[in-house]
Amino acid sequence: MEKLSFVNIYGQPLSIPTAIQEPTRPKPKKRTVTRRKRSESYHKGWRVLGVSPEQVSAARWRHERDRISPFNEARWTEKARLKRARVQDFESQAAAREYAALAHQAGWHRVEVKEVSRGIAQVGSFFGSLLSAVAA
């Protein structure tokens with residue numbers, strides 16, 4: 001490789017030491033990535049599900065508009081898709097159970113408290129477990 005020569009703004013040659021002309025780059029350090037092994041399933045919170053009164057009234061309105069047969073609310077709520085009572089999941093089961101009780105008092109049907117976890121989803125009816133706890 002040829003040696004470079006430098007001049008200043010007046011055209012006079014400059015002497016530059018070899019250490020500055022040929023800088024040595026430090027070698028990049030080799031990164032080691034340590035990844036934590038995730039467990040098969042982990043807990044993500046508690047979710048309150050149920051059939052809202054708005055869903056029932058909308059279904060009743062659609063049914064009466066078509067006038068096919070009399071509206072059977074109990075049968076419709078059995079087949080209806082469960083809706084979240086709250087957008088955000090609860091961190092504790094006690095808070096979710098309390099909210100489920102409030103939703104039931106507000107007119108929600110088939111209120112359930114569901115454990116949200118990665119991998120396995122467990123559904124437990126709030127009032128079914130409450131009645132079995134009272135009977136014991």
Side-chain angles (χ1 to χ4, degrees):
M1 182 174 181
E2 293 181 28
K3 198 170 190 180
L4 296 175
S5 60
F6 298 97
V7 293
N8 62 9
I9 59 171
Y10 304 109
Q12 300 165 345
L14 296 174
S15 64
I16 299 176
T18 57
I20 296 177
Q21 285 182 353
E22 299 175 10
T24 57
R25 291 185 178 172
K27 292 183 180 179
K29 292 182 180 178
K30 191 173 185 179
R31 291 186 178 183
T32 57
V33 178
T34 57
R35 292 187 179 189
R36 289 188 303 167
K37 186 177 180 181
R38 282 204 216 173
S39 62
E40 295 280 326
S41 63
Y42 58 91
H43 181 71
K44 293 173 74 176
W46 299 90
R47 185 175 294 162
V48 179
L49 303 169
V51 179
S52 69
E54 290 82 20
Q55 285 177 290
V56 174
S57 63
R60 177 179 283 123
W61 180 80
R62 281 192 307 270
H63 194 81
E64 289 174 356
R65 182 187 62 189
D66 296 339
R67 297 182 190 169
I68 300 171
S69 61
F71 182 69
N72 188 349
E73 185 176 330
R75 188 173 57 152
W76 185 87
T77 55
E78 286 177 12
K79 295 181 180 181
R81 185 174 180 190
L82 298 179
K83 181 180 169 185
R84 282 185 177 192
R86 183 176 182 228
V87 176
Q88 211 172 8
D89 296 331
F90 290 95
E91 292 181 12
S92 69
Q93 186 180 15
R97 287 183 180 273
E98 187 175 335
Y99 196 85
L102 291 172
H104 185 71
Q105 288 175 359
W108 285 63
H109 304 281
R110 286 181 50 210
V111 179
E112 295 178 354
V113 175
K114 178 182 174 185
E115 180 180 4
V116 182
S117 60
R118 179 177 179 258
I120 303 169
Q122 298 175 354
V123 178
S125 177
F126 171 66
F127 290 103
S129 62
L130 183 64
L131 293 175
S132 63
V134 170

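This structure is a prediction, so every number in the text was calculated from the model and none was measured.
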How far apart are the closest heavy atoms of [X] and [Y], and which atoms are they?
| X | Y | result |
| --- | --- | --- |
| Trp46 | Ser92 | CD1-C, 3.5 Å |
| Ala96 | Val48 | O-CG2, 3.4 Å |
| Pro53 | Gly107 | CG-O, 3.5 Å |
| Arg47 | Leu49 | CD-CD2, 3.8 Å |
| Ala85 | Trp108 | CA-CH2, 3.6 Å |

Exercise. Just by distance, do the side chain of Arg110 and the backbone of Ala80 share a donor-acceptor pair under 3.5 Å?
Worked result: yes
Exercise. Which residues satisfy the side-chain hydrogen bond (donor to acceptor under 3.5 Å, both in side chains) test with Asn8, sequence neighbours excluded?
Worked result: Gln12
Exercise. What pairs with Gln88 under side-chain hydrogen bond (donor to acceptor under 3.5 Å, both in side chains), at least two apart in sequence or on another chain?
Worked result: none
For this session: Answer yes or no: are there more than 12 heavy-atom neighbours, outside Arg81 itself, under 6.0 Å from its atom CZ?
Result: no
For this session: Kindly check if the number of other-residue, nucleotide or ligand heavy atoms within 6.0 Å of CD (Glu91) is above 12?
Result: no
Is any side-chain heavy atom of [X] closer than 4.5 Å to a side-chain heavy atom of [Y]?
| X | Y | answer |
| --- | --- | --- |
| Leu82 | Val51 | yes |
| Gln55 | Thr77 | no |
| His63 | Ser69 | yes |

Problem set entry | Atom pair NE2 (His109) and NE2 (His104), whose distance is rounded to the nearest 0.5 Å | 9.0 Å
Problem set entry | salt bridge (Lys or Arg N to Asp or Glu O under 4.0 Å) partners of Arg60, counting only residues at least two apart | Glu73
